[in-house]
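First up is the structure itself, then whatever we jot down about it.
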Amino acid sequence: MPTTVFEAMSRLAREHEAINLGQGFPDGDGPADVRSQAATAVTEGWNQYPPMLGLPELRQAVAEHDSRFYGLSVDWRTEVMVTSGATEALAAALFGLVDPGDEVVLIEPLYDAYLPLVRRAGAVPRFVSLDPPDWRLTADALAAAMSDRTRAILINNPLNPAARVFGAEELAIVARAAIAHDAIVIADEVYEHIVFDGRAPISLLAQPGMRDRTVRIGSAGKTFSLTGWKVGYVTAAADLLAPLSKAHQFLVFTTPPHLQSAVSYGLRKDDGYFQGLADEMQAKRDRFIGGLRRLGLPVLPCEGTYFANIEITGLGTGEDDVALCTRMTAEAGVTAIPVSAFTPHRPTRGVVRFCFAKQDAVLDAAIHRLEAWLDR
Ligand code: PMP
Ligand code: GLN
């Protein structure tokens with residue numbers, strides 16, 4: 001398998017002392033109260049193996065979260081499991097619920113872990129390729145990828161790297177296709193709280209007909225801006241969660257208890273915290289995209305996530321996204337991610353992704369460097 005693009009570009013950024021707007025992570029400290037809960041839990045709490053499905057207090061907090069934001073009624077005992085990041089949840093879902101030879105529909109651009117995991121599960125990937133600038137999902141495109149061997153549709157919403165938030169209409173297309181083919185949906189919703197312009201969080205699990213056929217995945221890394229913690233959570237009907245938990249028990253068995261305890265505290269924070277996260281990220285989006293536009297760069301719409309994309313075809317350099325990102329790191333001292341890394345089936349070579357989840361001064365410095373580079 002190749003080295004992930006995130007590792008490769010972060011390494012290149014370090015070599016050139018570039019501002020790293022490649023790999024998607026916030027450069028702040030995360031909420032002090034949540035971190036302090038973790039510190040207390042590690043010095044005063046239980047540090048041996050927690051239960052395989054996760055600490056009851058966290059599973060209860062996840063159920064409460066899903067009720068508060070999505071109106072769902074969830075049994076924390078049989079329908080919630082804690083994982084070591086959303087990544088492990090994805091692996092456990094694919095290894096636990098998909099058999100060799102089953103088809104899994106992937107919507108590209110797709111997160112880079114999906115395809116290697118689908119292949120390792122012995123499944124056959126089927127692709128739906130979305131196109132910039134609007135990256136719309138249509139019923140026809142989805143129908144063309146489905147068959148009577150489709151076991152699962154794997155969808156990421158809000159969508160990294162496209163910065164799309166599929167609304168109820170597009171999710172209904174997914175729901176209809178899943179129901180028609182008796183397939184499940186693995187819904188990677190790690191950016192659920194990072195949605196802009198008045199959007200509310202939305203979950204596939206809460207769409208009509210989807211309660212019993214959706215595996216919903218969230219991540220404390222994104223919701224609390226603590227990406228290094230690697231705490232994820234899954235909500236799914238008991239008969240889907242049970243086989244998924246069998247995979248989990250042999251992947252990691254469990255997740256560090258002090259982090260679980262702190263995340264249970266975090267998930268119970270008031271609505272102001274969650275809205276504040278969206279507002280803070282939206283302000284960063286506006287600041288950074290405003291800067292890119294001032295430089296005359298063609299910026300694509302951004303509805304959610306940490307990411308802003310530019311279309312490079314109009315720049316007239318004749319380069320593809322990989323060449324441009326490499327040269328920009330070396331010459332401008334700013335690192336981004338070539339979106340072709342997310343489009344293994346039908347490569348999109350004309351789009352470059354920047355992560356704006358950074359301190360304002362870092363975003364301003366990046367714009368400044370890009371300006372000097374473009375002037376040269
Ligand atoms: N899915 C998507 C779409 C992501 O962008 C990320 C990024 N980190 C993950 C999953 C993995 O999340 P975690 O760090 O919780 O494993
Ligand atoms: N999700 C992050 C991104 O898209 C990266 C996570 C990782 O490095 N594996 O940039």
Side-chain angles (χ1 to χ4, degrees), residues 1-14 20-27 30 54 58 62 81-94 106-118 130 135 154-166 186-195 203-204 215-234 248 251-252 255-256 259-260 262-263 266-267 281 302-309 321 325 335-344 351-358:
M1 291 187 206
T3 302
T4 88
V5 67
F6 307 116
E7 181 61 22
M9 293 311 292
S10 285
R11 214 177 287 163
L12 195 68
R14 279 193 296 276
N20 188 0
L21 305 185
Q23 192 175 25
F25 62 92
D27 61 355
L58 177 50
V62 170
M81 187 179 85
V82 179
T83 59
S84 292
T87 308
E88 195 246 324
L90 287 159
L94 289 165
L106 298 173
I107 296 166
E108 72 175 359
L110 52 90
Y111 186 54
D112 76 332
Y114 294 178
L115 186 54
L117 288 173
V118 165
L130 308 185
W135 314 102
L154 172 45
I155 185 171
N156 173 218
N157 190 42
L159 180 60
N160 172 14
R164 277 290 330 272
V165 181
F166 299 123
I186 301 170
D188 174 349
E189 299 181 343
V190 299
Y191 297 102
E192 60 193 314
H193 291 291
I194 306 175
V195 292
S203 176
L204 241 164
V215 173
R216 180 189 120 69
I217 298 172
S219 171
K222 306 296 186 279
T223 294
F224 301 103
S225 307
L226 294 163
T227 57
W229 278 24
K230 300 298 290 188
V231 177
Y233 22 88
V234 178
H248 164 77
L251 281 168
V252 298
T255 299
L259 299 178
Q260 292 196 48
V263 171
L267 285 176
M281 288 300 164
C302 170
E303 302 170 342
T305 75
Y306 291 159
F307 308 113
N309 295 289
D321 56 344
C325 285
T335 298
I337 298 281
V339 165
S340 58
F342 300 85
T343 52
V351 181
V352 161
R353 185 196 88 172
F354 295 88
C355 172
F356 55 72
K358 306 292 174 189

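In each ligand, atom 1 is the first atom listed, and ligand 1 is the first ligand listed. Below, each value reflects all heavy atoms present in this structure, side chains not excepted, and no hydrogens, waters or symmetry copies.
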Per-ligand residue contacts, ligand 1, heavy-atom threshold under 4.0 Å
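Its neighbours under 4.0 Å (heavy atoms only) are G85, A86, T87, Y111, N156, N160, D188, V190, Y191, S219, K222, K230, given by chain and number.
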Which segment of [X] sits under 4.0 Å of ligand 2 when only heavy atoms are counted:
| X | value |
| --- | --- |
| N160 | side chain |
| Y111 | side chain |
| R353 | side chain |

Flag this pair as yes if the NZ/CZ of K358 is under 6.0 angstrom from the six-membered ring centre of Y306 and inside a 45 degree cone about the axis; otherwise no.
no
Counting from 1, what ligand 2 atoms have a heavy atom of Q23 closer than 4.0 Å?
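By the 4.0 Å cutoff, the relevant atoms are 7 (C), 8 (O), 10 (O).
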Numbered atoms of ligand 2 (with element) below 4.0 Å of G24, judged on heavy atoms
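Answer, ordered by atom number: 2 (C), 3 (C), 10 (O).
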So, applying side chain to side chain contact (heavy atoms under 4.5 Å, CB included) with L90, which one of V234, T83, V190, I186 is it?
I186
Results of ring pair (Phe, Tyr, Trp, His ring centres under 6.0 Å) for F224 - residues two or more places apart only
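F224 satisfies ring pair (Phe, Tyr, Trp, His ring centres under 6.0 Å) with Y273 only.
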Who pairs with F354 by ring pair (Phe, Tyr, Trp, His ring centres under 6.0 Å), at least two apart in sequence or on another chain?
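Partners of F354 by the ring pair (Phe, Tyr, Trp, His ring centres under 6.0 Å) criterion, ordered by chain and then number, come out as F288.
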Under 3.5 Å: N/O of F307 near N/O of ligand 2
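No, there is no polar N/O contact under 3.5 Å.
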Name every donor-acceptor pair, under 3.5 Å, that has one atom in a side chain of residues 109-118 and the other anywhere in the protein, sequence neighbours excluded.
unit_1 : atom_1 : unit_2 : atom_2 : d
Y114   : OH     : D188   : OD2    : 2.6

Quick one: closest heavy-atom pair of R216 and S203, and the distance?
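Distance-wise, the nearest heavy atoms are CD-OG, 3.2 Å.
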Any salt bridge linking K230 with E88? Criterion: basic side-chain nitrogen under 4.0 Å from a carboxylate oxygen.
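So K230 does not pair with E88 through a salt bridge.
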